[in-house]
Amino acid sequence: MLRLRNTLTKQVEEITPLEPGHIGMYSCGPTVYRPLHVGNLRSFLLSDVIDRVLSYHGLDVRRVMNITDVGHMTDELTDEGRDRMLMAMEDEGLGTSEIAEKYTDIFYRDTDAVNIRRAAVYPKATEHIEQIKELIAKLLERGHAYSSDGTIYYDVTSFADYGKLSGQSLDAMQPGHRIEIDTRKRNHQDFTLWVAAGPRRELVFDSPWGTGYPGWHIECSAMSLHYLGERFDIHTGGVDNRFPHHEDEIAQSEGAVGHRVVQTWSHGEHLLMAQLKMAKSAGNVVTVQSLIDAGVDPLAFRYLCFTGRYRRQVHFTQDALDAAATALRRLREQVALLGVAGSAVSTDPDLRADLRDGAVAYHDRFIGAIDDDLDLPAAVTVLHETLADDSIPPTDRRSLVGSWDEILGLDLIGSDELPPELAQLVRRRDEARAARDFAGADEIRDRLRAQGVELLDSDKGTRWVRR
Ligand code: AMP
Ligand code: ZN
């Protein structure tokens, strides 16, 4: 079973489902007023891999990922002091819901392109204002929140465990030149649950405390409690979410229900570019679309993420991307050259019973690496070794790769069928080569290549892979 580092306990712990056979998992999702960059995708990929590994082990995983279409972005003010959502509206001439819809669609398209499996639910903040208001009412009732000029704040001193996730102590968080003193707050670390609308007209909602909009942190508490209940197994996000976002989420959720909610908190490190965290504000972003436009397989990016462990920073460079694309292409060629057609791919644990000894040893090493706090680099090394080991029968190698790709999601096994017209071209090329018409054969190879099919000549006959 998977062992994962828990940010809360700082230990690597075996995942033990709260309800046998089932896993509830919440992952912080995108803010939808601009395209995602591949840094965001690295964090979403962590939730996908955890989901795939637990599913591989036979668990029924219910994964929920929020779509922030209000709140977070309205908390972030740009240097010019303009609200980002409103800025996007002005720049693009679209309404708030059109902007959110446009970038939500791009989010789905981009995550699909890197084989991040769809979550069970993608709740939108704007569609859960009722749950958010109920939660705020409960926090007021339980003495964790107070109102000041129509804005509701969380009182961090009311929650004894504040700081337990990030290790930030309240005393250390004193106002200084970076922390502004806000006279409406009791403590400067207090954060907003509900923000009074003031003159603003867009994305505001009625509430018992006046017109306003929710803070960012409350959205994740409200939606995770709503979809996964008062106790659930795993919560993921990027390291930057640890504080204040997840610290505040714990204060809110546990403040409201009175007990621990999340068993395992898992945080993934950042993707860097030119030594800095990839971020729109730093101007160093790459999108999935820009990869596709440059002729790069988005799954090469997925492979690149697997070259580093999730708790380490990974550097996005052209060289690293090229190397990942080459490695991925080579893996697919090796699989195609095994020349084993369409044997059904079985999954663990049935797979082990069907394999011969040498193959079993590789399988145990692969799964052992994955279960060891997601050691993907080690698992990928096992994959390369297995494919290169001619002492393992090709059928076993193919079964292993097919099974492991349930976790890796790298499309290592092409479909076994070519459309008839392309299959006919392959046959005609074989005939041309047999007749020593090499110019004709090369011409057909180029035509196939233009259709995205690459031919590989081997002593066992012609094989092909999709490009
Ligand atoms: P945002 O839309 O800014 O709230 O970010 C969505 C998710 O992407 C959050 O979980 C962040 O932690 C994560 N994220 C943002 N930038 C990076 C990065 N450069 N590398 C990895 N994760 C990131
Ligand atoms: Zn969140």
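Read the numbers this way: they start at 1 and go in the same order the structure lists the ligands and their atoms. Position 1 is the first residue of the sequence; numbering continues from there.
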* Are a donor atom and an acceptor atom from the side chains of D389 and Y362 found within less than 3.5 Å of each other? -> yes
* So is H246 close enough to ligand 1, meaning a heavy atom under 4.0 angstrom away? -> no
* To do: Show all protein N/O/S atoms under 2.8 Å from the Zn ion (ligand 2), or state that there are none.
  => C28 SG, C220 SG, H245 NE2
For a quick test of your reading: what N or O donor-acceptor pairs under 3.5 Å do the side chains of residues 263-272 make, sequence neighbours left out?
residue: H267; atom: ND1; partner: T7; partner atom: OG1; Å: 2.8
residue: H267; atom: NE2; partner: H246; partner atom: ND1; Å: 2.8
residue: H270; atom: NE2; partner: D240; partner atom: OD1; Å: 3.1

* With respect to atom 16 (N) of ligand 1, which of K277, Q313, R42 exhibits the smallest heavy-atom separation? -> K277
* T31 heavy atoms, cut-off 4.0 Å: which ligand 1 atoms fall inside? -> 1 (P), 2 (O)
* Can you tell me which residue pairs pass the salt bridge (Lys or Arg N to Asp or Glu O under 4.0 Å) test with a partner in residues 298-313, sequence neighbours excluded? => D48-R302, R309-D375, R311-D373
* Asked: Relative to the heavy atoms of G39, which atoms of ligand 1 are at a distance of less than 4.0 Å?
  -> 17 (C), 18 (C), 19 (N), 20 (N), 21 (C), 22 (N), 23 (C)
* **Proximal ligand 1 atoms for N40, defined as those under 4.0 Å from one of its heavy atoms** => 5 (O), 6 (C), 7 (C), 8 (O), 13 (C), 14 (N), 15 (C), 16 (N)
* Count the heavy atoms of every other residue, nucleotide or ligand shown that sit under 6.0 Å from CD of E101, and state whether that count exceeds 12. => no
* Carboxylate-amine/guanidinium contact K164 D161, below 4.0 Å -> yes
* To do: Heavy-atom contacts with G238 under 4.0 Å: which atoms of ligand 1 show up? List them by number with element.
  => 10 (O), 12 (O)
* Polar atom proximity, H270 to ligand 1 (N or O, under 3.5 Å) -> no
* Asked: Of all heavy-atom pairs between I413 and D405, which one has the smallest distance, and what is that distance?
  -> N-OD2, 4.3 Å
* To do: Decide whether an N or O pair under 3.5 Å exists between M278 and ligand 1.
  => yes
* For atom 9 (C) of ligand 1, which candidate among V239, N241, L41, V32 holds the nearest heavy atom? -> N241
* Asked: Does a donor on one side chain sit under 3.5 Å from an acceptor on the other, for Q318 and D322?
  -> yes
* Asked: Backbone or side chain, does any N or O of D240 fall under 3.5 Å from an N or O of ligand 1?
  -> yes
* **Salt-bridge criterion met for K133 and E130 (N-O under 4.0 Å)** => yes
* Is there a donor in the side chain of T151 and an acceptor in the side chain of T192, or the other way round, less than 3.5 Å apart? -> no
* Asked: Which of the atoms of ligand 1 are close to G29, meaning less than 4.0 Å from one of its heavy atoms?
  -> 6 (C)
* Would you kindly say whether H128 and Y227 are connected by a side-chain donor-acceptor distance under 3.5 Å? => yes
* To do: Could you tell me whether the side chains of H144 and Q252 share a donor-acceptor contact shorter than 3.5 Å?
  => no
* With sequence neighbours excluded, residues passing ring pair (Phe, Tyr, Trp, His ring centres under 6.0 Å) with Y108 -> Y122
* Asked: Between L271 and ligand 1, which part of the residue brings a heavy atom under 4.0 Å of the ligand: side chain, backbone, both or neither?
  -> both
* Asked: Which class fits the ring pair H245 and H217: parallel under 30°, tilted 30 to 60°, perpendicular over 60°?
  -> tilted
* To do: Determine whether any heavy atom of H37 lies closer than 4.0 Å to an atom of ligand 1.
  => yes
* Structure fact -> Going by the 4.0 angstrom heavy-atom rule, the piece of H245 near ligand 1 is neither
